[in-house]
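Here's the structure we're looking at; comments come further down.
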Amino acid sequence: MKTNKQVKKKESEKLTDANVARVVSLLESDKNPISKKEACEILNISYNTTRLNTIIENWKRDKETSSRKKQERRGKPAQPEEIRLIAESLLSGDTIADISRRIYRSPTFVKNVIARIGIPEKVTGDEKYKTALLPEECIAEEFGANEIAWSAKYHAPCIVIKEYKEPKYLEKYDSKCYQIYINEKMQNSSTYFPSVDFGGFYAAAPAYDLGRLEHLIEYGVSFKSL
């Protein structure tokens with residue numbers, strides 16, 4: 001079985017899945033197919049037919065593999081490893097589309113797992129400026145020091161540092177309040193909580209804006225200390 005030849009990519013090159021698909025479609029068009037030189041221009045790569053062919057062959061092989069594996073898994077229930085991967089990837093900031101491609105399942109399948117086991121989602125767009133609703137499984141009235149939790153306000157994992165004992169916090173929030181450290185993903189990585197890829201900041205959060213994640217342990221999710 002042939003394997004994909006490695007293709008080194010430059011930041012300036014437009015080798016996204018959608019753009020390569022567009023080039024393949026234009027090259028194989030029945031009406032006015034484009035030249036390989038034009039294909040290279042669309043991909044923003046140097047004119048090199050050997051490299052262009054390798055890019056296209058890899059894309060087609062990946063599509064074939066994806067189609068075959070999706071067919072093999074269609075109709076089968078979520079496996080423990082899939083559930084763990086979905087949870088860890090989502091909490092790490094990966095999109096549903098990214099996860100769907102990685103496990104060869106449909107976005108609907110991924111969404112159903114998220115809803116079934118209660119994983120808080122990282123929202124995007126205008127929603128990221130609003131405090132999100134937490135899944136019922138995540139709701140708790142108090143948290144412990146060093147507990148990994150989810151911030152509904154910042155839409156990210158956090159570490160509970162300590163509880164604020166001063167009466168002013170209880171009066172202000174009508175709830176227990178905690179100092180938390182928000183983890184921010186700094187680089188494009190799907191590894192959960194790697195120290196080199198995350199930064200962050202401190203914040204205050206009432207208990208009702210924090211989500212407990214302990215229920216995910218039964219699915220194999222591991223929370224590493226920062």
Side-chain angles (χ1 to χ4, degrees), residues 80-100 102-103 110-226:
E81 180 61 18
E82 290 179 311
I83 295 174
R84 182 193 66 78
L85 182 60
I86 288 171
E88 291 187 351
S89 298
L90 195 70
L91 294 176
S92 293
D94 292 338
T95 66
I96 290 176
D98 289 336
I99 300 169
S100 173
R102 190 175 301 134
I103 65 173
V110 175
K111 290 178 180 178
N112 287 341
V113 171
I114 291 169
R116 177 161 61 84
I117 70 174
I119 310 172
E121 291 191 57
K122 188 177 181 68
V123 298
T124 57
D126 292 339
E127 294 300 313
K128 67 183 179 182
Y129 301 109
K130 303 176 184 177
T131 300
L133 293 175
L134 290 164
E136 184 177 347
E137 295 87 347
C138 297
I139 295 174
E141 294 183 355
E142 59 182 30
F143 295 82
N146 298 318
E147 180 175 347
I148 301 296
W150 180 266
S151 169
K153 179 178 180 179
Y154 296 103
H155 315 293
C158 66
I159 298 177
V160 177
I161 304 300
K162 65 178 182 179
E163 178 186 349
Y164 287 118
K165 299 289 188 179
E166 295 87 341
K168 64 180 180 179
Y169 289 101
L170 182 60
E171 294 172 3
K172 180 178 180 180
Y173 296 107
D174 193 28
S175 164
K176 288 191 174 184
C177 186
Y178 299 89
Q179 182 187 48
I180 61 174
Y181 184 80
I182 301 296
N183 297 283
E184 289 189 313
K185 196 169 186 180
M186 307 302 290
Q187 298 178 13
N188 186 22
S189 172
S190 61
T191 305
Y192 197 57
F193 284 174
S195 58
V196 296
D197 289 342
F198 283 81
F201 58 91
Y202 290 95
Y208 49 74
D209 280 351
L210 294 176
R212 175 153 287 159
L213 300 176
E214 286 183 349
H215 67 286
L216 297 177
I217 293 176
E218 68 175 285
Y219 300 103
V221 175
S222 176
F223 304 104
K224 299 177 182 179
S225 298
L226 293 178

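Remember, predicted model here, so these are calculated numbers, not experimental data. The analysis underlying the following values was restricted to heavy atoms, covering all of them including side chains, and did not include hydrogens, waters or symmetry mates.
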Original post:
Checking side chain to side chain contact (heavy atoms under 4.5 Å, CB included) for the pair V110/L90: CA distance, chi angles, key distance, verdict?
Top reply: CA-CA 10 Å; V110 175; L90 195 70; over 6 Å; no
**OP:** Decide yes or no on side chain to side chain contact (heavy atoms under 4.5 Å, CB included) for L213 and V221, but give the supporting numbers first.
**Re:** CA-CA 9 Å; L213 300 176; V221 175; over 6 Å; no
**OP:** Dump the intermediate steps for side chain to side chain contact (heavy atoms under 4.5 Å, CB included) on I159 and I148, then the final yes or no.
**Re:** CA-CA 5 Å; I159 298 177; I148 301 296; 3.6 Å; yes
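For the atom pair F201 CZ and C158 SG, the distance stands at 9.5 Å (nearest 0.5 Å). Within the model, atoms NZ of K128 and CG of D126 stand 8.5 Å from one another, a figure rounded to the nearest 0.5 Å. In this structure, CG in L210 is found 5.5 Å from CD1 in I180, a value given to the nearest 0.5 Å. Summarising the geometry, atom CG belonging to N146 is positioned 14.0 Å from atom OH belonging to Y181; distances are rounded to the nearest 0.5 Å. Between atom CD1 of residue I117 and atom CD1 of residue I86 there is a gap of 7.5 Å, rounded to the nearest 0.5 Å.
Nearest heavy-atom pair, I83 versus R116, reported as atom, atom and distance to 0.1 Å: CD1-NH2, 3.8 Å.
Every residue two or more places apart in sequence or in another chain was checked for a ring-ring contact (aromatic ring centres under 6.0 Å, His included) with Y208, and none qualifies. Taking K130 as the reference, E127 meet the side chain to side chain contact (heavy atoms under 4.5 Å, CB included) condition, with sequence neighbours excluded. Looking at residues two or more places apart in sequence or on another chain, you find a side chain to side chain contact (heavy atoms under 4.5 Å, CB included) between D98 and D94, T95, R101, R102. With sequence neighbours left out, E82 forms a side-chain hydrogen bond (donor to acceptor under 3.5 Å, both in side chains) with R105. Taking E142 as the reference, K176 meet the side-chain hydrogen bond (donor to acceptor under 3.5 Å, both in side chains) condition, with sequence neighbours excluded. For R84, the side-chain hydrogen bond (donor to acceptor under 3.5 Å, both in side chains) partners at least two apart in sequence or on another chain are E81, E88. Here L133 pairs with nothing under the side chain to side chain contact (heavy atoms under 4.5 Å, CB included) rule; sequence neighbours left out. Annotation: side chain to side chain contact (heavy atoms under 4.5 Å, CB included) contacts of A204 (sequence neighbours excluded): Y164, C177. When the side-chain hydrogen bond (donor to acceptor under 3.5 Å, both in side chains) test is applied to E121, no partner is found at least two apart in sequence or on another chain.
Pairs passing the ring pair (Phe, Tyr, Trp, His ring centres under 6.0 Å) check and including a residue from residues 125-150, sequence neighbours excluded, read F143-Y178. Evaluation of the salt bridge (Lys or Arg N to Asp or Glu O under 4.0 Å) test over residues 210-223, restricted to residues two or more places apart or in two chains, returns E147-R212.
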Atom pairs and distances, donor-acceptor, side-chain atoms in residues 165-175, under 3.5 Å, two or more places apart:
| residue | atom | partner | partner atom | Å |
| --- | --- | --- | --- | --- |
| K165 | NZ | E163 | OE1 | 3.3 |
| S175 | OG | A207 | N | 3.3 |

